[in-house]
Amino acid sequence: ERLLLALHRSKPMLLSQLLTMDYRLFAGPFSGSGFTKEPQMLGNGYAPQPAPNGLWVAYSQQLVNRTRLLVSEIATNQPKIVSSTTPGLYLREFPTDLVYQNVAWHPKGNELYFVDQPGDTDFILRRYRLHASEAESFPATKTSEVMTDVHPLANGRTVSYLTRSGDGCTLHLLDVTAGSDRVITRFPCARQTSLRGWTRGDAAAVIVRPLKLNEDTTHSAEVILVTPDGRHSRVQRLESVFLSSTRLDADRS
């Protein structure tokens with residue numbers, strides 16, 4: 001099993017003066033007592049996303065006003081630039097995907113889906129297949145609304161994502177074979193509303209919606225399930241939570 005590490009390489013930051021910084025990224029065989037041999041440096045970047053098969057890793061590098069997305073095979077460590085126009089992550093001054101997940105691997109680990117922003121206003125969903133010369137776009141997803149939270153479903157044929165405009169969010173399903181996009185539901189939402197993934201069997205999308213910002217920077221929030229046919233059900237209200245800490249477990253239950 002491999003473990004990816006992100007090690008800081010610059011001076012400490014003041015919270016009032018946050019700047020995006022790359023880290024040194026390493027990978028190597030790991031056991032309960034630590035690395036079993038010297039880890040291999042993959043490059044400089046942040047927000048690493050290992051493929052489900054453990055053979056590849058996607059990671060970001062900071063540009064002036066955009067984020068560069070790279071994919072590298074861990075064994076050979078030959079990174080390829082997939083895009084130089086991916087949008088900066090929410091709170092991009094802190095080098096991690098705090099709230100939104102704009103990059104996600106196919107369950108088989110053979111292709112990568114990501115949000116791209118080729119212009120100043122439009123967003124589009126793209127796919128990179130390993131060893132391809134370049135990423136391909138899904139024209140049906142092009143939108144002027146903010147696009148976030150890409151989640152391929154376990155069936156491998158469908159990708160979900162959110163778009164947000166004003167105080168409303170839209171949950172989409174993209175058929176990657178046909179290239180057709182379907183709106184599941186629209187609902188009122190606030191900034192930092194996020195799609196955390198799908199429950200076991202792709203039964204429902206898990207939406208975390210903030211309700212109130214507390215003085216200590218935590219939120220009151222609610223967890224909502226949305227089925228593929230658009231039915232909503234509220235699971236529970238969460239008090240005093242950091243939105244970045246809400247994640248589905250590996251079993252998706």
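Predicted, not measured: the structure shown is a model, and the values here were computed from it.
Heavy atoms from other residues, nucleotides or ligands lying under 6.0 Å from CZ of R186 number 12 at most. Within 6.0 Å of NZ on K142 lie no more than 12 heavy atoms contributed by other residues, nucleotides or ligands.
Between S165 and V146, the closest side-chain pair of non-hydrogen atoms is not below 4.5 Å. For the pair R196 and T246, the minimum side-chain heavy-atom distance is below 4.5 Å. At a threshold of 4.5 Å between non-hydrogen side-chain atoms, the residues V150 and V103 do not count as touching. Looking only at side-chain heavy atoms (C-beta outward), F123 and T163 stay at 4.5 Å or farther from each other. Looking at L70 and V82, their side chains never come closer than 4.5 Å, going by heavy atoms from C-beta outward. The side-chain heavy atoms of P107 and P52, taken from C-beta on, include no pair separated by under 4.5 Å.
Put simply, CZ on R191 and CG on L213 are 11.5 Å apart, with the number rounded to the nearest 0.5 Å. Here the OG-NZ distance, from S133 to K80, works out to 6.5 Å after rounding to the nearest 0.5 Å. Here D122 contributes atom CG and T85 contributes atom OG1; the two are 11.5 Å apart, rounded to the nearest 0.5 Å. Taken from CG in L55 to CG in N110, the straight-line distance is 11.0 Å, to the nearest 0.5 Å. Summarising the geometry, atom CG belonging to D167 is positioned 10.0 Å from atom OG1 belonging to T193; distances are rounded to the nearest 0.5 Å. E111 CD to Y128 OH: the interatomic distance, rounded to the nearest 0.5 Å, is 11.5 Å.
Side-chain polar atoms of T185 and H232 form a donor-acceptor pair below 3.5 angstrom. Between the side chains of T141 and D181, no donor-acceptor pair is found at a separation under 3.5 Å. The closest side-chain donor-acceptor pair between R157 and T177, if any, does not fall under 3.5 angstrom. In this model, a donor atom of one side chain and an acceptor atom of the other lie less than 3.5 Å apart for E239 and S220. Between the side chains of R164 and T148, no donor-acceptor pair is found at a separation under 3.5 Å. A donor and an acceptor atom, one from each side chain of S194 and D149, are nowhere located under 3.5 Å apart.
A side-chain donor-acceptor contact under 3.5 Å links D175 to the backbone of A178. For R127 (side chain) and F138 (main-chain N/O), no donor-acceptor pair under 3.5 Å exists by modelled atom type. Panel note: side chain S137, backbone P139; no donor-acceptor pair is recorded below 3.5 Å.
Tracing side-chain contacts under 4.5 Å through hydrophobic residues (I, L, V, M, F, W, Y), one never reaches L211 starting from L238; they form parts of separate clusters. No chain of hydrophobic side-chain contacts below 4.5 Å, direct or via other Ile, Leu, Val, Met, Phe, Trp or Tyr residues, connects V183 to L125. In terms of hydrophobic clustering, with Ile, Leu, Val, Met, Phe, Trp and Tyr side chains grouped at heavy-atom distances under 4.5 Å, L174 and I124 are assigned to different clusters. If you chain together hydrophobic residues whose side chains sit under 4.5 Å apart, Y59 and I81 fall into the same group.
Across every non-hydrogen atom of L112 and A104, the tightest pair is CD1-O, 3.5 Å. Here the shortest heavy-atom pairing between F114 and S83 reads CE1-CB, 3.7 Å. Closest heavy-atom contact between R252 and A154: NH2-CB, 3.7 Å. The two residues H219 and P210 come nearest to each other via the heavy atoms CD2-CB, 3.6 Å. When all heavy atoms of N44 and R24 are compared, the closest pair comes out as OD1-CG, 3.5 Å. For the residue pair Y100 and Q192, the shortest heavy atom distance occurs at OH-N, 2.9 Å.
The hydrophobic cluster around L153 extends to L162, L171, L173, I184, F187, L195, W198, I207, I224, V226, counting ILVMFWY residues whose side-chain heavy atoms fall within less than 4.5 Å of a member.
Ion pairing between D251 and R200 holds under the 4.0 Å rule for side-chain N and carboxylate O. Looking at E222 and R237, no side-chain N of the basic residue comes within less than 4.0 Å of a carboxylate O on the acidic one, giving no salt bridge. Salt bridge annotation for R129-E136: present, with a cationic side-chain nitrogen under 4.0 angstrom from a carboxylate oxygen.
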Report task. Apply side chain to side chain donor-acceptor pair (under 3.5 Å) to the pair R68 and T86, showing each step before the final yes or no. Result -> CA-CA 6 Å; R68 174 185 289 162; T86 54; over 6 Å; no
Query raised in the report: Yes or no on side chain to side chain contact (heavy atoms under 4.5 Å, CB included) for H106 and Y113, after CA distance, side-chain angles and deciding distance?
Result: CA-CA 7 Å; H106 185 281; Y113 296 87; 4.1 Å; yes
Query raised in the report: Given W56 and V71, is the side chain to side chain contact (heavy atoms under 4.5 Å, CB included) satisfied, shown in steps?
Result: CA-CA 7 Å; W56 297 77; V71 171; 3.7 Å; yes
Query - ring-ring contact (aromatic ring centres under 6.0 Å, His included) evaluation trace for Y23 with Y46 - result: CA-CA 6 Å; Y23 286 54; Y46 66 98; 7.8 Å; no
Query raised in the report: What do the steps show when you test Q40 against N77 for side chain to side chain contact (heavy atoms under 4.5 Å, CB included), and what is the final call?
Result: CA-CA 9 Å; Q40 170 190 0; N77 192 24; 3.0 Å; yes
Report task. Go through Y161 and H151 one step at a time and tell me if the side chain to side chain contact (heavy atoms under 4.5 Å, CB included) criterion holds. Result -> CA-CA 6 Å; Y161 63 97; H151 288 277; over 6 Å; no
